[in-house]
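Report on the following structure.
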Amino acid sequence: MNTKETERMASSQMSLSKARNFGTEMIKIPRLIADRMKEKFRLNIAPVFRGKNVGFKETYALSLDNLEDMLWVVEKDEDSYNHIRIYFTHYKDEFSGSYSQLNGFENSLCLMYSRAMDRTELNEYNAIYSSYNQVHVRKADFDVVKQKFEAVFQSLVGGITTQEQGYTNFVMIPRIELLAYYSKIVLYNKYHNDNKIVTVNVCLASTLDAAEIRALETYGIENGEIEVSSLEVKKLIDRAYSPNQLTVVFDSIDESNKVVDNVSDYDMNSLCPNQCP
């Protein structure tokens, strides 16, 4: 899709009103804190996957085409959905080879997404199996791999199944906020023809408690890594995430495979089951 077309689409979609912003607003997390969230994933949540022999990647790449597919479908006069749900699933091929595109995710964490309007999901599920491709997954099959993921974080104590710390059912992202993030990428690419953003990394991370965020903020201010006047830390604390819960952070990657600082470390999330719609 060329630049003029993406700009036209972004402009037309700004008619999505803030009143219909179902979820939270976008936060640019200070790099110091975002790095700590990714580190806490490696320390606290990654061992859970390894202990259950479940493979995973620390980052899942999306092309801009993938992002556009999340944002736009054929609609009539009214919006058919106002948020995207990114699900964590444990993929195993129990479907007679129906999803050969997902062979690379065998016995591994696979990200799938759906669209929803308020509390009503559209029952359309897509697995992103490469930077440029996705495959539609039937509802019944999606339920199977979602339940397998839930089992990764379950333990049996005294005959009772309990959900362990770290579990997240899905990440809810408002369509309007994902559009705003996409628009930042389009604007960046407009002025950087020599080295454009080509992919978005969905980075696995762990939420932090308020005390750790404040301690990192103090350290960052003292060392010049966080501005004293920044409101982003307060916004992150106000999210009131449960600590050590699986989440994602969005980073933009350019043609040189480098992180583009001013379009990275973004959070647009609500985390179910703690923050279900």
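Heavy atoms only: backbone and side chains are in, while hydrogens, waters and symmetry mates are out.
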Passes side chain to side chain contact (heavy atoms under 4.5 Å, CB included), L204 versus L109? Steps please. CA-CA 11 Å; L204 300 186; L109 180 67; 3.6 Å; yes
Run the ring-ring contact (aromatic ring centres under 6.0 Å, His included) test against F41 and tell me which residues pass, sequence neighbours left out. F56
Would you please name every residue forming a side-chain hydrogen bond (donor to acceptor under 3.5 Å, both in side chains) with Y91, sequence neighbours left out? none
Would you say L246 and F88 make side-chain contact, with heavy atoms under 4.5 Å? yes
Mind checking what makes salt bridge (Lys or Arg N to Asp or Glu O under 4.0 Å) contact with E106, not counting sequence neighbours? none
Would you please name every residue forming a side chain to side chain contact (heavy atoms under 4.5 Å, CB included) with V48, sequence neighbours left out? V152, F153
Within the 4.5 Å heavy-atom criterion, are T168 and T247 side-chain neighbours or not? no
For a quick check under 3.5 Å, do Y266 and S252 share a side-chain donor-acceptor pair by atom type? no
Does the distance from a Lys or Arg side-chain N to an Asp or Glu carboxylate O, for R36 and E212, drop under 4.0 Å? yes
For N44 and S206: C-alpha separation, side-chain torsions, deciding distance, then whether side-chain hydrogen bond (donor to acceptor under 3.5 Å, both in side chains) applies. CA-CA 8 Å; N44 295 343; S206 172; 4.9 Å; no
List, by chain and number, the other hydrophobic cluster members for L43, where Ile, Leu, Val, Met, Phe, Trp and Tyr join if side-chain heavy atoms come within less than 4.5 Å, directly or indirectly. none
Quick one: pull up CZ in R214 and CG in D209 and give me the separation to the nearest 0.5 Å. 9.5 Å
Under the side chain to side chain contact (heavy atoms under 4.5 Å, CB included) criterion, do D254 and K196 qualify, and how do the steps go? CA-CA 5 Å; D254 64 21; K196 293 184 176 183; over 6 Å; no
Could you tell me the separation between the CD atom of E177 and the CE atom of M268, rounded to the nearest 0.5 Å? 8.0 Å
Sorted by first residue and then second, give each side chain to side chain donor-acceptor pair (under 3.5 Å) pair with at least one member in residues 232-242; sequence neighbours left out. E232-K235, K234-D238, R239-Y241, R239-D267, Y241-D267, S242-N274
Take a 6.0 Å sphere around CD of E227 and say whether it holds more than 12 heavy atoms from other residues, nucleotides or ligands. no
Applying side chain to side chain contact (heavy atoms under 4.5 Å, CB included), run through I253 and I197 and close with a yes or a no. CA-CA 5 Å; I253 310 299; I197 292 169; 6.0 Å; no
Residues in ring-ring contact (aromatic ring centres under 6.0 Å, His included) with Y113, at least two apart? none
Are I33 and I237 linked, directly or through intermediate hydrophobic residues, by side-chain heavy-atom contacts shorter than 4.5 Å (ILVMFWY only)? yes
Check: E121/S114 side-chain N/O donor and acceptor closer than 3.5 Å: yes
Determine whether Y60 and V135 fall in the same hydrophobic cluster, where Ile, Leu, Val, Met, Phe, Trp and Tyr are linked whenever their side-chain heavy atoms lie under 4.5 Å apart. yes
Tell me the closest heavy-atom pair linking A205 and V249, and the distance in Å. CB-CG2, 4.0 Å
Is it the case that the side chains of N123 and Y125 hold a donor-acceptor pair, with the cut-off being a distance below 3.5 Å and no angle test? yes
Test side chain to side chain contact (heavy atoms under 4.5 Å, CB included) applied to N262 - qualifying residues, sequence neighbours left out: Y188, V260
Is it true that L236 and V228 fall in one hydrophobic cluster, defined by side-chain heavy atoms closer than 4.5 Å? yes
When rounded to the nearest 0.5 angstrom, what distance separates CD1 in I213 from CD1 in I29? 8.5 Å
Tightest non-hydrogen contact, residues E255 and D194, listed as OE1-O, 3.7 Å
Does the side chain of D118 come under 3.5 Å of the side chain of N82 through a donor N or O and an acceptor N or O? yes
Tell me whether V198 shares a hydrophobic cluster with L62, the cluster being built from Ile, Leu, Val, Met, Phe, Trp, Tyr side chains joined at under 4.5 Å. no
In the structure I gave you, are the side-chain heavy atoms of F95 and V144 within less than 4.5 Å of one another anywhere? yes
Could you tell me if the side chain of M112 sits less than 4.5 Å from the side chain of I86, heavy atoms only? no
Are the side chains of D251 and K38 in touch, meaning some heavy atoms are under 4.5 Å apart? yes
K28 meets the side-chain hydrogen bond (donor to acceptor under 3.5 Å, both in side chains) criterion, sequence neighbours left out, with none
Considering non-hydrogen atoms only, spot the tightest contact between R115 and M70 and give its length. NE-O, 3.5 Å
For D143, all residues meeting salt bridge (Lys or Arg N to Asp or Glu O under 4.0 Å), sequence neighbours excluded: K139
For residues R42 and E58, determine if any side-chain heavy atom of one lies less than 4.5 Å from a side-chain heavy atom of the other. yes
d(M26 CE, I173 CD1) to nearest 0.5 Å is 11.5 Å
Check whether any side-chain heavy atom of L178 lies under 4.5 Å from a side-chain heavy atom of L71, and answer yes or no. yes
Is the backbone N or O of L208 less than 3.5 Å from a side-chain atom of N244, with the two atoms forming a donor-acceptor pair by type? no
Any donor and acceptor pair, going by atom type alone, linking the side chain of S256 with main-chain N or O of K258 inside 3.5 Å? no
In Å and rounded to the nearest 0.5 Å, what is the NZ to OG distance from K92 to S108? 10.0 Å
Flag, side chain of N66 to backbone of S63, donor-acceptor distance under 3.5 Å: yes
Please walk me through it: do L111 and V202 pass side chain to side chain contact (heavy atoms under 4.5 Å, CB included)? CA-CA 10 Å; L111 301 188; V202 182; 4.1 Å; yes
List in chain and number order the residues that pass side chain to side chain contact (heavy atoms under 4.5 Å, CB included) with R31, two or more places apart in sequence or in another chain; answer none if no residue qualifies. D35, V259, D261, S264, D265
Apply ring-ring contact (aromatic ring centres under 6.0 Å, His included) to the pair Y87 and F149, showing each step before the final yes or no. CA-CA 10 Å; Y87 282 92; F149 174 78; 9.7 Å; no
Find out whether H83 and R175 are in side-chain contact, i.e. whether some heavy atom of one side chain is under 4.5 Å from a heavy atom of the other. no
Donor-acceptor contacts under 3.5 Å from residues 219-226 side chains, at least two apart:
from: N223; atom 1: ND2; to: Y219; atom 2: O; distance (Å): 2.7

Using atom types as modelled and distance alone, determine if a side-chain donor or acceptor of Y182 lies under 3.5 Å from a backbone N or O of L64. no
We want to know whether Q245 and T207 form a side-chain donor-acceptor pair, criterion being a heavy-atom distance below 3.5 angstrom. no
Starting at CG of L67, measure out to CD1 of I84 and round the result to the nearest 0.5 Å. 8.5 Å
Where is the tightest heavy-atom contact between A127 and L102, given as atom of each residue plus distance? CB-CD2, 3.9 Å
